[in-house]
Amino acid sequence: MPSNAVKVNKREQLTEALKQRILILDGAMGTMIQEYKLEEQDYRGERFKDWHVLIKGNNDLLSLTQPKIIADIHRAYLEAGADIIETNTFNATTISMEDYDMASLSREINFESAKLARSVCDELEAKDPSKPRYVAGVLGPTSKTCSISPDVNDPGYRNINFDKLVAAYVESTLALMEGGADLILIETIFDTLNAKAASFAVEEAFEQAGRSLPVMISGTITDASGRTLSGQTTEAFYNSIRHIKPLSIGLNCALGPDLLRQYVEELSRVCETFTSVHPNAGLPNEFGEYDLEAPEMAKEIIDWGKSGFINIVGGCCGTTPAHIKAFAKGLEGVKPRQLPELEVRMRLSGLEACNLN
């Protein structure tokens, strides 16, 4: 595991780089895995050949059963120009792993996924030491929500609580750190209470580990209403989590770049820290596939850059190394968003932002 000195150096490198240029995040892991057309036995491998439930679709498990495939995907994104790659851990919390009766594997999957991503970054850095590569340890939203009842007949019912979320996120965060993550990415947040649990857990993990990493937080505008699933506008979401003081706050998933643009612009206006964005390659078609090709998507991304909206940009569902390569090439020489100086106000939120003088 890298020493604390290296971690501090990575933090300084990352912060300084963000002041100099727009950094490139990787693209979709699931989209790339789908191209391999894996079957049940491929997910199982030898170790889980007799597992008692079906596990096809458990992409995070592939870090254990098909590590070469995951390493090749990481490598493809780095070679396309990504500065930051995300660990294959979007659903690797104990909570989401319960869907496959694999909660006990959560720690191992997080650790091995971070270790795998770290090894590929080290490999590419050895070839070109002038370009540091960063591993973002991913904490996904889990398959449950603290704020919304899954039972339409019982609005007060919850299938998870804050403390259980915290416990799951602490375990995942510690494993990601041990595996070599340079930063923690809390992403695809559709419920701000889940994000608060994750953020609280990350701080708890840092305290237990005796060191800290930079944190990125990325929410999701779920549809044309311009709100998260739990009902908050972009500014309200920002107000709810700004006290955490992460390295960056951003938006990802659900929408393509055309529909997401107005919310990216709004976030850029209100956000006191760096901003990140990784949109889908458009909206899914009737077959559940994404049609926005790299050149077309890159036009929108480049415009965001030239408009001064972004500091970190990548791709979510439907994006590939071709998309990331187009983003990286198109944003060469484009200045990153400058952090605004906002007046001091009491910034509160419910579903809407409430800013008081």
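One is the number of the first residue; the rest follow in order along the sequence.
- Defined by atom type and a distance below 3.5 Å, a donor-acceptor pair is missing between the side-chain atoms of Arg345 and Asn355.
- To the nearest 0.5 Å, the span separating SG on Cys317 from CG on Leu255 amounts to 11.0 Å.
- Judged purely by distance below 3.5 Å, without hydrogens or angles, the side chains of Glu272 and Tyr238 pair a donor atom with an acceptor atom.
- Taking the salt bridge (Lys or Arg N to Asp or Glu O under 4.0 Å) definition, one finds that Glu171 meets it with nothing, sequence neighbours left out.
- Under the side-chain hydrogen bond (donor to acceptor under 3.5 Å, both in side chains) criterion, Thr233 pairs with no residue at all, not counting sequence neighbours.
- Side chain to side chain, Thr234 and Glu266 fail the donor-acceptor criterion of an N or O pair below 3.5 Å.
- In the model, Ser349 has a side-chain atom that pairs as donor or acceptor with a side-chain atom of Ser240 under 3.5 Å.
- Comment: Lys131 engages Asp83 in a salt bridge, judged by a side-chain N to carboxylate O separation of less than 4.0 angstrom.
- No hydrogens or angles considered: a donor-acceptor pair under 3.5 Å links the side chains of Glu187 and His278.
- Remark: Ser63 engages Asn88, Ser113 in a side-chain hydrogen bond (donor to acceptor under 3.5 Å, both in side chains) (not counting sequence neighbours).
- Under the 3.5 Å distance criterion, with hydrogens and angles disregarded, no donor-acceptor pair is assigned to the side chains of Arg158 and Ser147.
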Atom pairs and distances, side-chain donor-acceptor, residues 50-57, under 3.5 Å, sequence neighbours left out:
from  : atom 1 : to     : atom 2 : distance (Å)
Trp51 : NE1    : Tyr100 : O      : 3.0
His52 : NE2    : Asp101 : OD2    : 2.6
Lys56 : NZ     : Glu39  : OE1    : 3.3

Under the side chain to side chain contact (heavy atoms under 4.5 Å, CB included) rule, what do Val215 and Leu185 come out as? Steps first, then yes or no, please. CA-CA 6 Å; Val215 178; Leu185 170 56; over 6 Å; no
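- Looking at Glu16 and Arg11, no side-chain N of the basic residue comes within less than 4.0 Å of a carboxylate O on the acidic one, giving no salt bridge.
- Taking Ile, Leu, Val, Met, Phe, Trp and Tyr as members and joining any whose side-chain heavy atoms lie under 4.5 Å apart, directly or through other members, Tyr157 forms no hydrophobic cluster with any other residue.
- For Glu46, the side-chain hydrogen bond (donor to acceptor under 3.5 Å, both in side chains) criterion is met by Lys49, not counting sequence neighbours.
- Of the charged side-chain nitrogens involved, at least one lies within less than 4.0 Å of a carboxylate oxygen, so that Asp72 and Arg75 count as a salt-bridged pair.
- Every residue two or more places apart in sequence or in another chain was checked for a side-chain contact (heavy atoms from CB on, under 4.5 Å) with Glu286, and none qualifies.
- Considering only heavy atoms from C-beta on, Ile249 comes within 4.5 Å of Leu267 through its side chain.
- The hydrophobic side chain of Val344 is isolated, with no ILVMFWY side chain under 4.5 Å apart from it.
- Asp291 pairs by the salt bridge (Lys or Arg N to Asp or Glu O under 4.0 Å) definition with nothing, not counting sequence neighbours.
- When all heavy atoms of Pro336 and Asn311 are compared, the pair lying nearest together is CB-ND2, 3.8 Å.
- Using a 3.5 Å distance cut-off with no hydrogens or angles, the side chains of Ser172 and Asn110 do pair a donor with an acceptor.
- Donor-acceptor pairing under 3.5 Å is recorded for the side chains of Asn59 and Tyr43.
- Here Phe111 sits alone; no ILVMFWY side chain lies under 4.5 Å from its own, so it joins no hydrophobic cluster.
- If you check the side chains of Ser149 and Asp154, you find no donor sitting under 3.5 Å from an acceptor.
- Residues passing the side-chain hydrogen bond (donor to acceptor under 3.5 Å, both in side chains) test with Asn161, sequence neighbours excluded: none.
- In this structure, Phe200 shares a hydrophobic cluster with Phe162, Val166, Val170, Leu174, Leu193, the cluster being traced through Ile, Leu, Val, Met, Phe, Trp and Tyr side chains under 4.5 angstrom apart.
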